[in-house]
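Here is the structure we will look at, set down as structure tokens.
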Amino acid sequence: MSKVRCNCCQIEISGFRVQCTDCTDFDLCLQCYSLGAEIGGHKRVHEYKLVSDYVVGAFELDTPWTLAEETMLLDAVEQYGFGNWEDVANHVEKRTAEECEDHYVTFFVSGSVGKVTIRPDAADAIKDHTCPNGGPLSPSITQPISPVDLSLPEQQELGYMPLRDDFEREHDNDAEILISSLANNYDDEDIDIAVKLSQVEKYRTRLKERERRKRLARGYNLLQSATSIGKQKSQTPKKRIHKEEREFQDKMKVFAQFHTLSEHETFLENIQKEKDLKERIQELLKYRKHGITKLDDIDVFEDEKYKRDKKKENKKKMGNITPLSKRSSMASKKAAVATEEKLDILIDEDELKDENNENIPKEACNMPGFDMLSDRERRLCSSIGMTYANYQTIKTCIIKDYLQRRQGIPIKIRYPSGLDKTHRRQIISFLTDNGWIGVT
């Protein structure tokens, strides 16, 4: 390898040198270049480039690192962080993770560079802000609770996540709403900051209560008890709970923290028993008000009451059928009186099977379909308050559906809108008794 001398100081140059690109065969050592040497036609403003006759490293090693590798090492540590040597080695490419770690620690941490750049008292600047009195970073808050040893089916049943030691639904599950919208703004006044701090304090209090309940559940093995109770409930048939009873049980949940499971169930049963007794007392007082003093007379009273209510209901329905013509008010009154007298005779326990022949009001004789019905069908229409034409339509639909069903044809029964279910059953029973259709 030929020797190169500095054109200014004539010293032999080893390693890197500065070569002028504007002048021919003009080299300077690094010291002369830094002093801005100018010789002959060379000016310090000329363009230049760094030249080296062989590869050298920044440090003297058996396997020297090139300047490019040193630069990539420093860039990688800055980008991926100290200690992430796998990614650092991938960035340097030609060095392993052990080599990168050893080289960086030896020369940039423990070496001369580290002694100059890293202050020995830097560790003393770290302060411990934790406090045992329940401060923001109190160990009593940050100390994790050991996960509960549960099987996978039990975890799924309770909604428990062991890696996070959380449940799908925690106690006071909406506590985070207090601080979810808080943010520090540059224009906040002292009162705004005080309000936000009070919200954070409330949130911390609710978190402490959540943690207290978790520890309490672990201390008394309530989680295991809950899973065993869930298994028992899954094996026993579920009792259908009405909406009112479910709402009442939800209101009584606040007392569950003072009871065991059996005590709480007994508590709910006793309250329900008290409610039933009060209703029974009110019912007996109602019977006493009507002069009933014996339990045997209750059934007779209820039957008579049902007949009276049914008679009033049918009279009310029949009153809605007004005559087609209102020529004479006197005739209308007489027709109404006749209709009421007829209803009093027709309505009995077998409402549809009364064979008594009563005169039909003259106004009803003018209604459509009157001539196409028998006397029994007319009495049926009068008793249920239905027009003759509407009865014929429903009768046709029932007979048609019955015949199609006998032939095995799938049908979808459709009746006129507004048809009462009780009236439909009465018509079907009437047609069955008179042989129009068979027993369905």
Side-chain angles (χ1 to χ4, degrees), residues 134 140-141 143-178 202-290 292-299 301-302 305-306:
S140 62
I141 295 179
Q143 181 180 1
I145 305 176
S146 58
V148 185
D149 187 14
L150 297 173
S151 62
L152 183 59
E154 292 174 342
Q155 294 175 9
Q156 295 175 352
E157 183 177 357
L158 295 175
Y160 179 67
M161 296 170 283
L163 298 180
R164 295 173 53 184
D165 192 34
D166 285 335
F167 294 88
E168 292 181 359
R169 184 170 183 83
E170 295 280 354
H171 167 71
D172 197 2
N173 202 49
D174 299 331
E176 284 73 17
I177 296 178
L178 280 173
K202 289 181 181 179
Y203 173 66
R204 290 182 56 252
T205 303
R206 295 166 77 168
L207 285 186
K208 288 181 180 179
E209 176 62 19
R210 185 183 293 177
E211 290 296 320
R212 185 188 73 83
R213 289 174 177 259
K214 281 187 178 181
R215 295 181 186 277
L216 189 66
R218 284 165 170 75
Y220 288 93
N221 296 325
L222 298 182
L223 297 179
Q224 289 80 355
S225 301
T227 55
S228 61
I229 292 171
K231 290 180 181 178
Q232 294 177 1
K233 288 185 176 180
S234 62
Q235 295 174 358
T236 57
K238 293 185 178 180
K239 180 182 177 182
R240 185 175 180 181
I241 301 176
H242 297 287
K243 181 180 179 182
E244 296 180 357
E245 187 176 354
R246 190 184 306 110
E247 293 177 353
F248 173 75
Q249 291 181 2
D250 292 339
K251 291 180 181 179
M252 294 295 106
K253 280 184 178 180
V254 294
F255 301 105
Q257 57 182 327
F258 307 110
H259 300 154
T260 62
L261 177 62
S262 59
E263 291 175 348
H264 190 67
E265 290 179 350
T266 305
F267 172 70
L268 295 177
E269 290 177 0
N270 290 336
I271 293 179
Q272 185 64 33
K273 188 182 296 183
E274 179 187 6
K275 182 180 177 182
D276 296 338
L277 288 175
K278 288 182 178 180
E279 292 178 354
R280 181 58 177 169
I281 290 172
Q282 293 295 328
E283 186 178 2
L284 294 176
L285 289 175
K286 181 187 71 173
Y287 293 143
R288 176 64 63 85
K289 184 179 178 181
H290 288 84
I292 299 175
T293 58
K294 296 181 180 180
L295 294 177
D296 297 337
D297 298 334
I298 293 178
D299 294 335
F301 171 77
E302 291 293 341
K305 184 176 180 296
Y306 174 76

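Because the structure is a prediction, the values reported are computed rather than measured. Worth knowing before you read on, the calculation uses all heavy atoms, side chains too, and leaves out hydrogens, waters and symmetry mates.
- The distance from the NE2 atom of His171 to the CZ atom of Arg213 is 3.5 Å, given to the nearest 0.5 Å.
- Shown here for Arg218 and Tyr160, the closest heavy-atom pair between the two residues is NH2-OH, 3.7 Å.
- Of all non-hydrogen atoms in Glu168 and Met161, the two that sit nearest each other are N-CE, 3.9 Å.
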Just do the side-chain contact (heavy atoms from CB on, under 4.5 Å) check on Leu268 and Phe248 with the steps written out, would you? CA-CA 9 Å; Leu268 295 177; Phe248 173 75; 4.2 Å; yes
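- Heavy-atom neighbours of Glu244 CD from other residues, nucleotides or ligands within 6.0 Å: at or below the threshold of 12.
- Under the salt bridge (Lys or Arg N to Asp or Glu O under 4.0 Å) criterion, Arg169 pairs with no residue at all, not counting sequence neighbours.
- A heavy-atom distance below 4.5 Å is not found between the side chains of Glu265 and Thr260.
- Leu158 and Phe167 get closest at one heavy-atom pair: O-CD2, 3.7 Å.
- No more than 12 heavy-atom neighbours from other residues, nucleotides or ligands sit within 6.0 angstrom of NZ on Lys289.
- Atom-to-atom distance recorded for Ile298:CD1 and Thr293:OG1 is 10.0 Å, nearest 0.5 angstrom.
- The shortest heavy-atom contact between Phe258 and Glu263 is O-OE1, 4.3 Å.
- When all heavy atoms of Glu176 and Asn173 are compared, the closest pair comes out as OE1-O, 3.5 Å.
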Is there a side-chain contact (heavy atoms from CB on, under 4.5 Å) between Leu284 and Arg280? Walk through the geometry before answering. CA-CA 6 Å; Leu284 294 176; Arg280 181 58 177 169; 3.9 Å; yes
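- Heavy-atom contacts from other residues, nucleotides or ligands closer than 6.0 Å to CG of Leu285 number more than 12.
- Across all non-hydrogen atoms, the minimal contact from Lys286 to His290 is O-ND1, 2.9 Å.
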Kindly determine whether Gln272 and Glu269 satisfy side-chain contact (heavy atoms from CB on, under 4.5 Å), including the steps that lead there. CA-CA 5 Å; Gln272 185 64 33; Glu269 290 177 0; 5.7 Å; no
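- With values rounded to the nearest 0.5 angstrom, Lys275 atom NZ is found 11.0 Å from Ile271 atom CD1.
- To the nearest 0.5 angstrom, Glu279 atom CD is 9.5 Å from Leu277 atom CG.
- Among Lys214, Arg206, Lys202, the one residue that satisfies the salt bridge (charged side-chain N to carboxylate O under 4.0 Å, His left out) test with Asp172 is Arg206.
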Which pairs would a plain distance check flag for residues 249-257, meaning a side-chain donor or acceptor within less than 3.5 Å of a matching protein atom at least two apart in sequence or in another chain?
unit_1	atom_1	unit_2	atom_2	d
Gln257	NE2	Val254	O	3.3

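- Ion pairing between Glu302 and Lys305 fails under the 4.0 Å rule for side-chain N and carboxylate O.
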